[in-house]
Amino acid sequence: MKEALTSLLDQAMKALIAKEQVPEVPDLVPQIDHTKDPSHGDLATNLAMVLAKKARMAPRDLAAMIIDALPANDFVAKTEIAGPGFINFFLNQSSHVEVIRSILANGSEFGNSNKGGGRRAQVEFVSANPTGPLHVGHGRGAAIGDSLARLLVATGWSVHREFYYNDAGQQIVNLARSVQARAQGLTPEDSDWPEDGYRGTYITDLATAYQNKITVSAADRTITALGDIDNLDAIRDFAVAWLRREQDLDLKAFGVRFDEYFLESALYESGEVNDTVSALESAGHTYEQEGALWLRTSDFGDDKDRVMRKKDGEYTYFVPDVAYHLNKWQRGFERVINEQGADHHSTITRVRAGLQGLGKDIPAGWPEYVLHQMVTVMRDGAEVKLSKRAGSYVTLRDLIEWVGRDATRFFLAARSASSQLTFDIDLALAQSNENPVFYIQYAHARVCSVKRKALTEGADWTADAGLDHLNTLTTAEELALALLLAKFPEVVANAAQRLEPHDIANYLREVAAAFHGLYNAHKLVDADNKSQSLARISLAEATRQVIENGLNLLGVSAPESM
RNA sequence: CCGCUCGUAGCACAACCGGAUAGUGCAACGGCCUUCUAAGCCGUAGGUUGCAGGUUCGAAUCCUGCCGGGCGGGCCA
């Protein structure tokens with residue numbers, strides 16, 4: 001509909017330019033928007049206002065001229081000039097309801113588009129190190145990252161989901177020592193407890209499992225414990241597998257899956273880390289100073305240079321990150337989106353600088369980043385600190401157990417990643433029935449209930465049958481809902497473009513509200529008015545389909561009854 | 001001290017990246033179930049969009065400066 005209107009305005013402008021009534025402005029980008037207020041029509045454009053200065057005319061006079069130049073068409077019922085110079089378009093009845101036909105025909109595909117054209121994109125998210133259970137921050141990353149992946153799929157990208165983790169660093173050593181200490185009967189209160197050791201109770205479970213020679217399988221590895229508490233390497237391997245399995249269980253319960261688990265250690269084993277450093281050295285972007293090797297990141301927008309190789313010969317953390325992203329580039333991903341916590345923002349400049357320094361013609365803005373701000377967890381009116389080492393943080397599993405998978409996913413994905421989020425456990429517990437996700441799911445379940453009711457009137461009381469009676473949909477509630485449903489493809493495309501899954505959540509709330517309003521204002525299934533009922537069933541089914549498709553983008557279920 | 005980021009109703013958050021009267025949920029108050037699911041609907045109340053300037057037809061949105069929160073700025077990851 002928007003496209004048709006754009007075309008109309010385009011033709012009008014061409015005609016006016018041909019008659020030299022307005023000047024040609026090459027980079028003019030007028031907006032055509034859905035209106036907030038129905039009295040402003042269905043769609044509106046600011047064309048006359050953005051053109052007014054160049055045309056040296058009053059916006060309202062210009063608007064009148066544009067309206068006169070609009071070609072004849074069969075979907076605009078009325079145009080109006082309003083406010084400072086908006087042109088408001090009122091669509092006719094059939095233009096409003098035509099979308100129902102399209103939704104029913106396209107089903108679960110409705111809303112999808114093909115901007116990606118099958119090109120390859122990667123979303124890397126969660127990427128938690130296997131040193132403890134997933135916490136709430138990982139949960140936010142999982143919810144947002146998974147939705148991003150779904151949005152990219154819906155807009156035509158071929159998406160690869162990747163989980164990157166370090167299975168060999170100092171933190172893993174701390175983990176192994178902690179488990180060993182537990183197996184030896186020590187507790188974090190003992191003076192012999194390892195410095196920087198992990199204190200959570202899961203360490204105790206791990207030690208017990210190791211001593212019982214348990215076999216564990218994670219998505220990317222399987223291992224049987226040796227039970228020998230003096231063998232630190234064996235403890236480490238088992239601990240990593242055990243925690244990977246724990247994380248897998250959480251992610252599975254959360255409805256999140258990955259195509260690949262990528263190990264940082266692989267980059268060292270393959271020599272890619274050394275190769276990356278050599279490449280940067282021979283490209284002339286490095287220098288030695290005070291016994292360390294530095295990268296001139298300041299040549300690429302950083303505020304100062306960074307150490308790559310420490311005095312002791314070890315690499316700093318961002319060096320494998322650069323090697324990793326070179327690896328991603330060589331795998332052929334046109335887009336890579338990294339979803340991480342905002343505490344990693346300083347790595348963005350370094351990784352991009354390293355990639356630029358390699359001289360591989362990698363675009364300056366590659367990879368892309370979506371950073372989510374911190375999740376603050378409140379309980380009993382006090383903040384619960386998120387700290388792996390303290391072992392007292394709230395886990396993703398806790399949240400799922402308390403408020404359910406759907407509510408947790410929705411809550412964590414329904415807010416802009418750039419805003420800090422307060423997850424009040426007491427509130428979520430006390431008001432679990434009032435959670436916004438239920439409002440949307442309830443609308444979906446209601447439609448299903450309406451359809452069940454309709455079938456009791458007769459086997460031919462179906463949504464498809466209603467397509468022949470769409471002209472009976474004339475009330476304000478019906479037309480407004482239909483227009484809102486027509487926006488869905490645009491909302492999906494826009495959310496994917498902006499990498500903002502929460503747009504979907506907000507949109508769905510609007511759709512649910514419009515449907516609940518219609519439901520209360522009008523009887524949908526009325527035995528005495530069959531044609532109108534059938535049309536309303538079509539509209540309800542179209543609404544259901546859009547809600548299902550939208551919830552699916554968020555990884556939230558669409559129940560048929562509640 | 002420097003960088004990034006956020007600041008919107010009592011609380012938690014939106015506002016289609018510059019549009020018309022700043023919205024939604026919770027909390028508060030008043031109504032609506034002999035009728036398709038009341039986990040719903042309708043109504044009332046609640047705001048100097050942190051502060052001060054600037055840009056323009058038009059600013060919560062862009063720019064500058066201040067104030068406040070968060071995260072970074074380690075040869076820690």
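Order of the sequence lines fixes the chain letters, A, B, ..., with proteins taken first and strands second; residue numbering starts at 1 for each chain.
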Is any side-chain nitrogen or oxygen of [X] closer than 4.0 Å to OP1 or OP2 of [N]?
{"X": "A:K310", "N": "B:C76", "result": "yes"}
{"X": "A:H40", "N": "B:G19", "result": "no"}
{"X": "A:R498", "N": "B:A15", "result": "yes"}
{"X": "A:R306", "N": "B:G74", "result": "yes"}

Donor-acceptor pair present, [X] side chain and [N] base, under 3.5 Å:
{"X": "A:H344", "N": "B:G72", "value": "no"}
{"X": "A:Y317", "N": "B:A77", "value": "yes"}
{"X": "A:D343", "N": "B:A77", "value": "no"}
{"X": "A:N46", "N": "B:G19", "value": "yes"}

Which class fits the ring pair [X] and [Y]: parallel under 30°, tilted 30 to 60°, perpendicular over 60°?
{"X": "A:Y164", "Y": "A:Y324", "result": "parallel"}
{"X": "A:H325", "Y": "A:W366", "result": "perpendicular"}
{"X": "A:H135", "Y": "A:H138", "result": "parallel"}

For [N], give its Watson-Crick or G-U wobble partner with both distances under 3.5 Å, or none.
{"N": "B:C76", "answer": "none"}
{"N": "B:C33", "answer": "none"}
{"N": "B:C13", "answer": "B:G23"}
{"N": "B:U8", "answer": "none"}
{"N": "B:G47", "answer": "none"}

Give one of base, sugar-phosphate or nothing for A:D503, where a contact means two heavy atoms less than 4.0 Å apart.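 The answer is sugar-phosphate, as A:D503 gets under 4.0 Å only of primed atoms, P, OP1 or OP2.
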Give one of base, sugar-phosphate or nothing for A:A82, where a contact means two heavy atoms less than 4.0 Å apart. base
Can you tell me which nucleotide in B:G19, B:C75, B:A14 comes closest to the side chain of A:R415? B:A14
Using centres under 5.5 Å plus planes under 30 degrees as the test, is A:F86 stacked with B:A20? yes
Honestly, is A:R415 close enough over A:F410, meaning NZ or CZ under 6.0 Å from the six-membered ring centre and within 45° of the axis? no
Could you tell me how far B:U24 sits from B:G43 if I compare only their P atoms? Round to whole Å. 10 Å
No-hydrogen, no-angle side-chain donor-acceptor test under 3.5 Å, A:T349 and A:D302: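 Per modelled atom types, A:T349 and A:D302 side chains form no pair under 3.5 Å.
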Going by a 90° cut-off around 0, is B:C33 syn or anti?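 This nucleotide is in syn.
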